[in-house]
2 protein chains.
Amino acid sequence: MTGWEEIRAEVLRRIRARDWPPGALIPGEEALAEEFGVARATVNRALTALAEAGVIERRKRAGTRVAELPVRRARLEIPVIRLDVLGRGLAYGFKLLADRVEPAPVPIAARLGLPEGQPMRYLETLHLAGGRPFVLETRWLNPAVLPDPPPDFAAVSANEWLVTHVSLVSGDIAFTAEPATPREAEVMGLAPGTALLIAERTTQGVAGPVTFVRLAHAPGHRVAMTF
Amino acid sequence: MTGWEEIRAEVLRRIRARDWPPGALIPGEEALAEEFGVARATVNRALTALAEAGVIERRKRAGTRVAELPVRRARLEIPVIRLDVLGRGLAYGFKLLADRVEPAPVPIAARLGLPEGQPMRYLETLHLAGGRPFVLETRWLNPAVLPDPPPDFAAVSANEWLVTHVSLVSGDIAFTAEPATPREAEVMGLAPGTALLIAERTTQGVAGPVTFVRLAHAPGHRVAMTF
DNA sequence: ACTTGAATTATGTCTAGACATATTAGCCAA
DNA sequence: TTGGCTAATATGTCTAGACATAATTCAAGT
């Protein structure tokens, strides 16, 4: 009846009820174990989970205290575009608009940590949902991560090929709002200057930088997260 | 020398090296424990961490397999606006532009799960960074969560008051790009129709819905996340 | 062929005890 | 007062063994 999840819930309840206000030191694991009638390891499991969630802060010898400004974290599950579209109940398709090798523009090489002028694979892909433009993907890809012969990105989207074939390790995403460039307006069939949600992503792999992507989302697109 | 973190790292290495390709069943905890010369609980700790990270999928009796499409999760730490501004090395300030009680617009009441026509506190706050408009915050606040007498939101921004005084439990955020409304353009000193990054957030507390906020960010604003 | 139930098995969790490690508090000496 | 050593202490992790739980397999029985 008293598993670690129940103990986590009870501790969380006390914090929310301000029995233990922000900044307060809460009882040690030993004391809580005795109170709940479980082993210390069980209390430890519960408190470790709360610490990972940012609700409490733990330090050896100093004890466990309730976080002052509990950091609110939201998690975004970065979707594979095809599955995102299918999940909305729409038919998925894509068109490869450009595929060439050219030197990386300076800001992009810089963000990936590659030397200026490095030749990179440049791909422009229009993703379609229900036959209509959904996302315009502009991608620079480090050719060093590609096998020989390279995959055919007209058959499998680069997005998906990378997820299944390259071990991505870390990266960052940034969201901004920008007016559609003339190229974006033309390709997506929009008035120039339309407000677009832009996601820019850089990705690092085990063997160095992998890719920089700019995703221009069709008007009305929402990126939703929960916490 | 062989703690759970090292075991986690070694298992992750094998997955990345495709010793265990996506979809493959990996050896059971017992077998791994024997191989690494540790107790099963130690292997369990390592695999539990990898499962939380989305790298593997575990089911009782069926065993542990490498995730086919490892879900990439990015974490966003939702900032208190004041600290966000200060963190950019700019002076923070805010102006309370509106503060009144009025019935909630239908879509907003619906998103919070409150009855239509429910009277709510409406607040409009312009946050300033270095004296320039940074974010226009439009907020509907459930008066049931406020103490009596209610706090003075001209002195402490609602944003900050809520973080420190209400136990927020769950919610969601969505990002969109929208052209500035006439009101937004006027208040922020922009041309109407300027592309703005909009964040909409609903928050639920222990005692019911708390607040709906719309944040209109000044042009050029980036919301960055890492994974 | 189909359904039902039992045996099997891998993960999930718990216990009691142990040692490791980080950090603090207190003490003593320069 | 300051610096550094030492002891105390709370969390971190590990072990060996146990039982719980979910899911699959397989053998009956209809």
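Values reported hereafter were calculated over all heavy atoms of this structure, with side chains retained and with hydrogens, waters and symmetry mates removed. Each chain gets a letter, A, B and so on, in the order its sequence line appears, and its residues count up from 1.
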Is the shortest heavy-atom distance from the side chain of A:Arg111 to the side chain of A:Glu200 under 4.5 Å?
yes

Within the 4.5 Å heavy-atom criterion, are A:Leu146 and A:Trp161 side-chain neighbours or not?
yes

Verify the ring-centre separation between B:Phe134 and B:His217: is it less than 6.0 angstrom?
no

Counting primed atoms plus P, OP1 and OP2 as sugar-phosphate and everything else as base, spell out the protein contacts along nucleotides 6-15 of chain C at 4.0 Å heavy-atom distance: B, S or - for each nucleotide, 5' to 3'.
--BBBBBBSB

Taking everything shown except B:Glu34 itself, do over 12 heavy atoms lie less than 6.0 Å from its CD?
no

A:Val11, A:Ile7, A:Thr64 screened by side chain to side chain contact (heavy atoms under 4.5 Å, CB included) with A:Leu50, the one that passes:
A:Val11

